[in-house]
Amino acid sequence: MKSKLILLISLFALAMNYSNAQSPIKPENLPFDDITEYPDTYAPGSVAARMVESLGFRYRYASQDLKTSDFGFKAEEEARTIGETIEHIYGLSMVIRNAVIQEPYKKITSTDPMVIRAETLHVLKATYDHLIGMDEAELNKITIKESYPFWVVINGPLADALWHSGQIATLRRANGNPMPKGVNVFLGKYEEVK
């Protein structure tokens, strides 16, 4: 009887440990949960800001509710893991931010993918807030790597970050943890499905 009790307790502890390792980490107070509101007019700054906002929305939900078992997953030996892709998107968002805001920014030192994810979303939000009111003359002053115009920000790091957000969505599905149901990228909103 005693050995059965010890076995039962051991199995329960093992199950709890596995459950904790698989449980999703919930986001709190992160931007881009809903992007259904948008400016009334198409202006250079508002269009550029909307592109960053769309990236923020897609990235937020592609990386929401990831489990610790997802971070090391990759499609093949030579590919990036989901965790490495999150780090790469952070780097791309920093390139976008630094081109737009052009002020020094202290890079975070955390290696926790969910901390990096949250910081990426905040960096994108600061970039969005800066772009939203810019006019054409201000956008024309933006350069990346000191000589390339804002157009390169769009087709370079911004488009690349969108691409990698899609990779996270695909990889997590392949790892058995698809994106949350109810994400509508067409309208830019999320409605929790029960």
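The basis for the numbers below is simple: all heavy atoms, side chains too, and nothing from hydrogens, waters or symmetry mates.
Formation of a donor-acceptor pair under 3.5 Å by the Y61 side chain with backbone atoms of G56 is not found in this model. Side-chain atoms of K74 come within 3.5 Å of backbone N or O of E77 as a donor-acceptor pair. Looking at R58, its side chain never comes within 3.5 Å of a backbone N or O of L162 through a donor-acceptor pair.
Residue pairs that meet the salt bridge (Lys or Arg N to Asp or Glu O under 4.0 Å) test with at least one member in residues 168-194, sequence neighbours left out, are K189-E191. For residues 91-108, there are no salt bridge (Lys or Arg N to Asp or Glu O under 4.0 Å) pairs, not counting sequence neighbours.
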| said: Checking E138 against K141 for the salt bridge (charged side-chain N to carboxylate O under 4.0 Å, His left out) test, could you report, in this order, the C-alpha distance in whole Å, the side-chain angles of both residues, the deciding distance, and whether it holds? | reply: CA-CA 5 Å; E138 291 170 306; K141 291 179 188 173; over 6 Å; no
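In summary, the side chains of R117 and S63 do present a donor paired with an acceptor at a separation below 3.5 Å, with no hydrogens or angles considered.
Taken from CD1 in I144 to CD1 in I96, the straight-line distance is 8.0 Å, to the nearest 0.5 Å.
Judged as a ring pair (Phe, Tyr, Trp, His ring centres under 6.0 Å), and not counting sequence neighbours, Y59 has no contacts. By the ring pair (Phe, Tyr, Trp, His ring centres under 6.0 Å) test, F150 pairs with no residue at all, sequence neighbours left out.
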Result block: side-chain N/O donor-acceptor pairs under 3.5 angstrom for residues 32-43, not counting sequence neighbours:
residue, atom, partner, partner atom, Å
D34, OD1, T36, N, 2.9
D34, OD1, T36, OG1, 2.5

Under 3.5 Å, which donor-acceptor pairs do the side chains of residues 126-134 form with other protein atoms, sequence neighbours left out?
residue, atom, partner, partner atom, Å
T127, OG1, V123, O, 2.9
D129, OD1, K125, NZ, 2.6
D129, OD2, K125, NZ, 3.3

